[in-house]
There are 2 protein chains.
Amino acid sequence: MNPFATHFDSLEEFADRVSEVLQCPITIEDANHRLIAYSTHEHYTDPARTATIINRRVPEKVINSLWREGVIPKLLSNREPIRVEMISEVGLGNRIAISIWKNKEVLGFIWAIEMEQTWTEEQFELLKQAAKAAKNLLLQLQIRKHKKEERIQEFFWKLLTGHFSSHNDIIQQCHVLNIPVYPFSSVVIFHFKQEIQPQVERQIDYLLKTTQQLAVPLYTIDHHRLTLLAAPKSNANAQADIKRFLRSFIAQMNERFRIEITDGAFGSIYECYTKIEKSYKEAQTVLNMKRAFPHDLGNVQSYQELGMYQFFDLLLEKKRDGDFYNETLEKLKQYDNRHHASLVKTIETFLDHDSNVNETAKALNIHPNTLAYRLKRIAEIGEIDLHDMNQKVKLYIDVKLAKYETSH
Amino acid sequence: MNPFATHFDSLEEFADRVSEVLQCPITIEDANHRLIAYSTHEHYTDPARTATIINRRVPEKVINSLWREGVIPKLLSNREPIRVEMISEVGLGNRIAISIWKNKEVLGFIWAIEMEQTWTEEQFELLKQAAKAAKNLLLQLQIRKHKKEERIQEFFWKLLTGHFSSHNDIIQQCHVLNIPVYPFSSVVIFHFKQEIQPQVERQIDYLLKTTQQLAVPLYTIDHHRLTLLAAPKSNANAQADIKRFLRSFIAQMNERFRIEITDGAFGSIYECYTKIEKSYKEAQTVLNMKRAFPHDLGNVQSYQELGMYQFFDLLLEKKRDGDFYNETLEKLKQYDNRHHASLVKTIETFLDHDSNVNETAKALNIHPNTLAYRLKRIAEIGEIDLHDMNQKVKLYIDVKLAKYETSH
DNA sequence: ATTAGTTTTGTGGATTTCCACAAAATCATG
DNA sequence: CATGATTTTGTGGAAATCCACAAAACTAAT
C-alpha cells in the first residue's frame with residue numbers, strides 16, 4: 001500500500017505528506033539544489049536546512065562539503081537512499097537523502113533529517129516510494145521551465161549582439177521574463193576542450209545554479225563555448241570576484257565532472273545593460289588574443305589585464321594598409337636573416353622581462369654578458385636607444401604585432 | 001660710351017663680351033648662385049669657377065665661405081663692385097664681384113677673376129655698366145621661369161594630396177615639367193614663427209637652391225609653412241641626411257636672414273612617388289604631435305622617431321567611442337583628486353625616464369625613497385605590477401592619450 | 001687550413017639599486 | 001590643537017647591475 005498514490009495540488013502538500021509519514025522534516029530540491037518544497041510540521045531543524053529555506057537554495061559551502069564527502073557523487077550514481085553523517089562545520093545534522101530519477105537523469109533530491117531514532121528498513125522503503133512519486137511532480141515543473149528557458153535564451157543573444165538600444169527596455173524585458181537585475185555585470189566566456197554535450201550542459205547548469213560567489217542571471221551554450229552574464233556582489237572588488245569565480249568554475253568542472261575547460265575570459269564590468277554587447281566583444285577579444293599569445297597572456301583573464309593587446313586588432317588593420325613600417329625592426333630582422341642571429345627574439349624577450357638583464361639571460365639560457373653584448377649590437381644596428389621608453393614601446397608593439405599578423 | 005649697349009642673342013654672348021672688355025674670365029649667376037652664363041676665352045680659371053661650371057651651380061662650401069666672410073651680405077646690400085680676397089681652402093682666387101639689381105631686388109651676380117694686374121678704376125666702372133646691362137637679360141629669364149613655376153606648384157599640391165594613382169604618370173609629368181626625378185624622397189615641412197612674406201620666400205628659395213646636402217625638386221609655401229620634397233643622395237643614411245638638412249636649414253635661416261623656424265618634421269622615405277601623399281601626412285602628424293607633446297618630442301623630427309605617437313590619432317578616435325577605459329589610471333586619478341596627490345604625474349615621469357628611480361627622482365625634485373614609496377602606493381592603489389611591460393605600456397599610452405585628448 | 005671578424009663566456013671591481021628601518025614632516029579630522 | 005595616518009627624508013648595508021677587459025669559441029670568407 002503506497003501512501004503517496006494520490007493526487008497532490010502542490011509540491012508543498014506532497015512534502016508535508018512525506019514528513020507526516022516519516023515523522024521528520026523533509027526538504028525537496030531540484031537537481032541544482034534549489035529549494036522546491038519543504039515540510040512545515042514542527043520538528044527539530046538543523047542550521048543547514050534553515051539556511052536553505054531562507055535563501056531558497058542550499059548554501060554553497062554545504063554543497064561543497066557534500067561533494068568532498070562523496071555524498072553527491074553517490075546520489076548521482078545510485079537510486080537507493082543513503083545515510084549522511086552529520087557535518088557540523090556547515091551545520092548539517094544527520095540526514096537521509098535520496099535522488100529522484102527520470103530514466104537516466106536526476107531530477108532532484110529528497111532530504112530527510114534523521115531524528116533521535118535510527119531509521120528502520122521500512123522507513124527507507126517509504127522514502128524510495130516518495131522519490132518515485134516526486135518524479136511526476138518534478139517533471140511538470142521542468143516542462144514549464146523549458147518553455148521559459150527558450151525565450152530567455154533568445155533574449156540573451158539579443159543582449160549580446162546589441163539588439164537593444166535602451167537600458168530601460170532591457171530592464172523591463174528582464175522583469176517580464178523574471179530575470180533578476182543587478183547593478184554591475186560582465187560577460188564571461190569559457191572555452192571547453194570538447195564540444196559541449198547535453199549531459200555537460202546539465203553539469204554546467206548545476207554549477208552555475210549552485211555557485212553563490214556571484215549571480216549568473218543568464219547563460220547560453222554554443223559549440224565549445226559557454227557564455228554567461230556575471231553579476232558580482234559588490235563593485236569594490238568585482239574584478240577579483242569574477243577572477244575567483246573563473247578559477248573555481250574551471251576547477252570544479254574538472255574535479256567534479258572531469259570536464260576540461262581550456263580557457264576563460266571576461267569583459268569590462270558595466271552598469272548599463274546596453275554595454276553588455278561591448279563586454280561580450282571584449283571577452284571575445286581576450287580569448288582571441290590569448291590564442292594568439294598563449295605565452296604572453298597565460299594568466300590574463302580580463303579585458304583590463306589585456307593591456308596593450310586591447311587595440312591590436314585596430315593596429316593590425318592599419319598595419320595591413322602599409323602603415324607602421326618600423327625601421328629598427330626591419331634592420332634587426334635583416335641582420336637576423338643575413339647572419340642567422342636572433343636579435344629580434346632577444347629584444348622581444350628582453351622587453352618581455354621588463355628590460356631586466358639577468359632575468360632575460362636566464363630565459364634565453366645565455367650568459368648575462370652575452371645578452372649585454374647583443375643589446376649593444378641591437379642598439380647599434382637598429383639605431384635605437386634602449387633607455388627611451390617611447391622607442392621601446394613602439395618596438396615592443398611592432399614585434400608583437402608582427403607575430404600577431406603571421407598568426408592570422 | 002657703353003660697350004654693352006647692343007643687342008645680345010644669348011647670355012653666353014654677353015658673358016663673352018664682358019670678358020673681352022675686361023680681359024678676364026666672367027661668370028654670371030642668378031640670385032641663387034645657379035650658373036647662368038660663363039665666358040669661354042682662354043684665361044686662367046680658379047678651381048671654384050671650374051666646379052661651378054661643371055655642376056652648373058656654385059659649390060655649397062664656396063657659398064658658405066662667402067657668407068662667413070661677409071661677401072654675400074655686402075653684395076646683397078650694395079650696388080658697387082667689391083673685391084674678394086682669395087679663399088684658398090675652397091679654391092677661390094682673387095675675384096671682383098657685383099650684384100645685378102632690379103629695383104630693390106637682386107637678380108644675380110657677375111663674377112670676374114682678377115688676373116695678375118690689379119683692376120683700374122675704369123675697369124670697375126665697366127663692370128658696373130655690365131651689371132646694368134645684365135639686368136634686362138636676366139629679367140627675360142625670370143618671366144619664363146615664373147610661368148613654369150606656377151604649373152609646378154599646382155603639380156606639387158596634386159602630389160601631396162594624392163591626386164595621382166600611378167607612379168609612371170607622375171614620372172612622365174615630371175619629365176614634361178622638367179622636374180628631376182630621384183629614387184628616394186620624403187616630404188619635409190617647416191613651420192615658421194611668422195607668416196612667410198614674399199621677401200622671405202626669396203630667401204627660402206635661395207637656401208633651397210644653394211643647398212647641396214640633398215636635392216629639393218619641389219617646394220611650396222603656404223602661410224606659416226614651407227613644404228618640400230627632399231631627395232637624399234643615398235638610401236643608406238637617408239634618415240640622417242635629412243635630419244642634418246633640417247638642422248642646417250633652420251640654422252641658416254636664422255643666422256643669415258634672422259628668420260625663426262619653430263619646427264621641422266619629415267615623413268618616411270619612399271621610393272614610389274604615389275607614396276608622397278603618405279609621407280606628407282606623416283610629416284603633418286609629426287608636427288601635430290610635437291605641438292601636443294612639446295616636452296616629450298622636443299628633438300623628434302621624423303615619423304620613425306615619433307614611435308608610439310604614430311598611432312595616437314587612431315587610438316584617440318577609439319577612446320572617444322568610450323573604449324580604452326583604464327582602471328589603473330582612473331584609480332590613480334581618483335586618488336590624486338581626493339588627496340591632492342600627484343601619482344599620475346609621478347608614474348608618467350617614471351615611465352618617461354625608463355623606470356629609472358634616480359633619474360625620475362631628480363626630474364621630480366624628490367628624494368629617491370619618496371619616489372620608491374610613491375611607486376609602492378601606485379602599485380597598490382592602481383593594482384598594477386610595475387615590472388610588467390604590457391601593463392606599463394598600456395598605462396603609459398593611456399596617460400599620454402589622456403593628455404592628448406585634453407590638448408585637443 | 002688560415003685568418004680576420006664576430007660572438008660568447010668569464011672575472012673582478014666600481015657603481016647603482018634596492019630594502020628595511022626610523023625619524024621627521026605633513027595632513028586630515030574631529 | 002591633538003591625534004593618528006600618511007608622506008617625506010635620511011641612513012646603511014646587502015644585492016644587483018654595469019662595465020672594462022680578456023680569453024675562448026665560433027663564422028665566414030679566402
Side-chain angles (χ1 to χ4, degrees), chain A residues 236-237 328-389 391-393 395-396 399, chain B residues 236-237 328-389 391-393 395-396 399:
Chain A
N237 24 26
T328 298
L329 181 54
E330 293 309 316
K331 280 182 178 158
L332 294 180
K333 273 185 185 168
Q334 190 180 311
Y335 192 91
D336 278 356
N337 283 334
R338 292 207 184 142
H339 303 85
H340 39 87
S342 50
L343 299 186
V344 174
K345 179 70 206 161
T346 303
I347 191 67
E348 181 186 358
T349 311
F350 180 65
L351 295 174
D352 275 340
H353 290 83
D354 191 38
S355 308
N356 182 308
V357 172
N358 271 318
E359 277 184 38
T360 311
K362 265 179 212 143
L364 291 170
N365 285 314
I366 56 175
H367 193 280
N369 284 357
T370 305
L371 178 59
Y373 174 74
R374 284 197 199 162
L375 291 173
K376 202 190 75 182
R377 296 289 285 143
I378 287 169
E380 288 167 4
I381 294 164
E383 294 174 60
I384 183 176
D385 175 1
L386 288 178
H387 291 292
D388 181 320
M389 183 67 173
Q391 292 187 51
K392 287 206 297 193
V393 167
L395 182 56
Y396 194 51
V399 167
Chain B
N237 24 27
T328 297
L329 181 55
E330 292 310 316
K331 281 181 178 159
L332 295 181
K333 272 185 184 167
Q334 190 181 309
Y335 192 91
D336 278 355
N337 283 336
R338 292 208 183 140
H339 303 83
H340 40 86
S342 50
L343 299 187
V344 174
K345 180 69 205 162
T346 304
I347 191 67
E348 182 188 357
T349 313
F350 180 65
L351 294 175
D352 275 340
H353 290 83
D354 191 38
S355 307
N356 182 309
V357 173
N358 272 318
E359 276 184 38
T360 311
K362 264 178 213 144
L364 290 170
N365 286 316
I366 57 176
H367 193 280
N369 284 356
T370 306
L371 178 59
Y373 174 75
R374 284 197 199 163
L375 291 174
K376 202 191 75 181
R377 296 289 288 143
I378 287 169
E380 287 166 7
I381 294 164
E383 294 174 60
I384 183 176
D385 176 2
L386 288 178
H387 291 292
D388 182 321
M389 183 67 174
Q391 292 187 54
K392 287 205 297 193
V393 167
L395 182 56
Y396 193 51
V399 167

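To find a chain, count down the sequence lines: A is the first, B the second, and so on, and within it residues start at 1. Note that the coordinates shown come from a computational prediction; the quantities given were computed from them, not determined experimentally.
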Inset, instruction - Could you tell me the separation between the OH atom of A:Tyr373 and the C1' atom of D:dA20, rounded to a whole number of Å? - result: 15 Å
Legend entry - Test: A:Glu359 and A:Lys362 ion pair at under 4.0 Å: no
Legend entry - Between C:dT9 (P) and A:Lys362 (NZ): distance, integer Å: 15 Å
Legend entry - Of the listed nucleotides D:dC19, D:dT9, C:dT8, the one nearest the side chain of A:Asn369: D:dC19
Inset, instruction - Would you mind telling me which of D:dA16, C:dT11, C:dT7 lies closest to the side-chain atoms of A:Asn358? - result: D:dA16
Legend entry - Whole-Å distance separating the CZ atom of A:Arg374 from the C1' atom of C:dT9: 12 Å
Inset, instruction - Report the distance from atom NZ of B:Lys345 to atom P of D:dT7, rounded to the nearest whole Å. - result: 19 Å
Inset, instruction - Mind calculating the distance between CG (A:Asn356) and C1' (D:dT17) to the nearest angstrom? - result: 9 Å
Inset, instruction - Compare the minimum distances between each of C:dT11, D:dT9, C:dC18 and the side chain of B:Val357, then state the nucleotide with the smallest one. - result: C:dC18
Inset, instruction - Send over the distance from A:Asn365 CG to C:dT7 P, rounded to a whole Å. - result: 20 Å
Legend entry - Of the listed nucleotides D:dC18, D:dT7, C:dC19, the one nearest the side chain of B:Tyr335: D:dT7
Inset, instruction - Taking only the side-chain nitrogens and oxygens of A:His340, find out if one of them lies under 4.0 Å from OP1 or OP2 of D:dA28. - result: yes
